[in-house]
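Report on the structure given below.
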Amino acid sequence: MRHPALLVAVLLAASVAGCGGPCPPPPKNLPAPTFTTTLGIGDVFEVLVVGEEKLPKEYRVSPDGTIDFPYIKRLPVSGLEPQEVQHRIRTQLQDAKILTDPQVSVFVKQYNSKKVNLLGQVMKPGPLPFVDGMKLVDAISQVGGFTALADTREVVIIRVVGPNKTVTAVVCVEAITDGKQPDVLLQAGDTIKINQRVI
């Protein structure tokens, strides 16, 4: 847990909101998360070309999915793996006869394009930067915890599992914070919906 102080807010809200029926069991239909290293808009990475110390090293993927690389100009990179970007830069430097045998390395510094989205009864709903290993309670804590009206027994996770295909699962956060159920690993792109409990 990266924000232990905020976990207190989650626990307090859970105790206030937890006055409904029994918790559902841990979801069985939620696939294990996958981690992708493809680049997206806003991601920051470093390009090193051996022997070319004067070239800019840091690049941010622009809203149109490209970077402006010297000699190559606009280079589409969104949706590519770092190794694919490395290969494209090397190939285009060769094709333009700028370098005969360029040695290119690409290192990702920030995956700003990877987020989870929290909707509904949390203190600060909206997108949250995703980090590998992030869990559900951690994400809720980072947005300030639940509101007093949150239904902590039926938190909905919507996960993209393929092109135009999602899986929806219901998770009892109250059971997680009580130590009765395991926390849920998140995946970049997950949407977490916290509905208002029935009063």
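Note: hydrogens, waters and symmetry copies are ignored here, and every other heavy atom, side chains too, is used. In this chain, residues are counted from 1 in sequence order.
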Quick check: closest heavy atoms across Thr152 and Val155, and the distance to 0.1 Å? O-CG2, 4.1 Å

Steps toward salt bridge (charged side-chain N to carboxylate O under 4.0 Å, His left out) verdict (Glu46, Lys57): CA-CA 5 Å; Glu46 189 172 75; Lys57 292 182 173 58; over 6 Å; no

Establish whether Leu118 and Met123 are linked, either directly or via other cluster members, by ILVMFWY side-chain heavy-atom contacts under 4.5 Å. no

Can you name the closest pair of heavy atoms from Gln196 and Asp151 and give their distance? C-CB, 4.2 Å

Could you walk me through whether Leu80 and Thr38 pass the side chain to side chain contact (heavy atoms under 4.5 Å, CB included) check? CA-CA 5 Å; Leu80 299 181; Thr38 55; over 6 Å; no

For the residue pair Arg159 and Ala32, what are the closest heavy atoms and their distance? NH1-C, 4.0 Å

Using a 6.0 Å cut-off, check whether atom NZ of Lys193 has over 12 heavy atoms from anything other than its own residue. no

Please answer whether the main-chain N or O of Ala139 pairs with a side-chain N or O of Gln142 as donor and acceptor at a distance below 3.5 Å. no

Take a 6.0 Å sphere around OH of Tyr71 and say whether it holds more than 12 heavy atoms from other residues, nucleotides or ligands. no

Is there a path of hydrophobic side-chain contacts, each under 4.5 Å between heavy atoms of I, L, V, M, F, W or Y residues, that connects Ile158 with Val171? no

Using every non-hydrogen atom in the two residues, find where Gly42 and Arg60 come nearest and quote the distance to one decimal. O-NH1, 3.1 Å

Tell me whether Ile72 shares a hydrophobic cluster with Ile67, the cluster being built from Ile, Leu, Val, Met, Phe, Trp, Tyr side chains joined at under 4.5 Å. yes

Please examine the side chains of Leu186 and Lys135, heavy atoms only from C-beta on, and report whether any two atoms are closer than 4.5 Å. no

Within one Ile-Leu-Val-Met-Phe-Trp-Tyr cluster: Val170 and Ile192, side-chain cutoff 4.5 Å: no

Worked check of side chain to side chain contact (heavy atoms under 4.5 Å, CB included) between Val116 and Met134: CA-CA 10 Å; Val116 294; Met134 178 181 281; 4.0 Å; yes

Identified side chain to side chain contact (heavy atoms under 4.5 Å, CB included) counterpart of Arg90 within the set Gln94, Arg88, Gln92: Gln94

Give a yes or no answer on whether the side chain of Gln83 reaches the backbone of Val106 with a donor-acceptor pair at less than 3.5 Å. no

Distance check, rounded to the nearest 0.5 Å: Ile194 atom CD1 versus Thr147 atom OG1? 9.0 Å

For the CD1 atom of Ile157 and the OG1 atom of Thr168, what is their distance to the nearest 0.5 Å? 10.0 Å

Ring centres under 6.0 angstrom apart (Phe69, Tyr59): yes

Hey, could you give me the CD/SG distance between Glu154 and Cys23, rounded to the nearest 0.5 Å? 8.5 Å

Give a yes or no on whether the backbone of Thr34 and the side-chain of Gln187 come within a donor-acceptor separation of less than 3.5 Å. yes

Could you pull out the closest heavy-atom pair between Thr66 and Pro76, with the gap in Å? CG2-CA, 3.8 Å

In Å and rounded to the nearest 0.5 Å, what is the CG to CD distance from Leu48 to Gln86? 10.0 Å

Can you check whether Asp190 reaches Lys115 side chain to side chain, under 4.5 Å on heavy atoms? no

May I ask you to decide if Pro70's main-chain N or O and Lys73's side chain share a donor-acceptor pair within less than 3.5 Å? no

So, Lys114 and Asp132, do they make that salt bridge, N to O below 4.0 Å? no

Would you call Pro102 and Leu93 a side-chain contact if the rule is heavy atoms closer than 4.5 Å? yes

One should read off an interatomic distance between Tyr111 OH and Thr37 OG1, to the nearest 0.5 angstrom, of 4.5 Å

In one Ile/Leu/Val/Met/Phe/Trp/Tyr side-chain cluster, 4.5 Å: Phe35, Val131: yes

If you compare all heavy atoms of Asp43 against all heavy atoms of Ser113, which two are closest, and at what distance to 0.1 Å? OD1-N, 2.7 Å

In Å and rounded to the nearest 0.5 Å, what is the CD to CD distance from Glu52 to Gln103? 11.5 Å

Do Val47 and Leu55 touch side chain to side chain, with heavy atoms closer than 4.5 Å? no

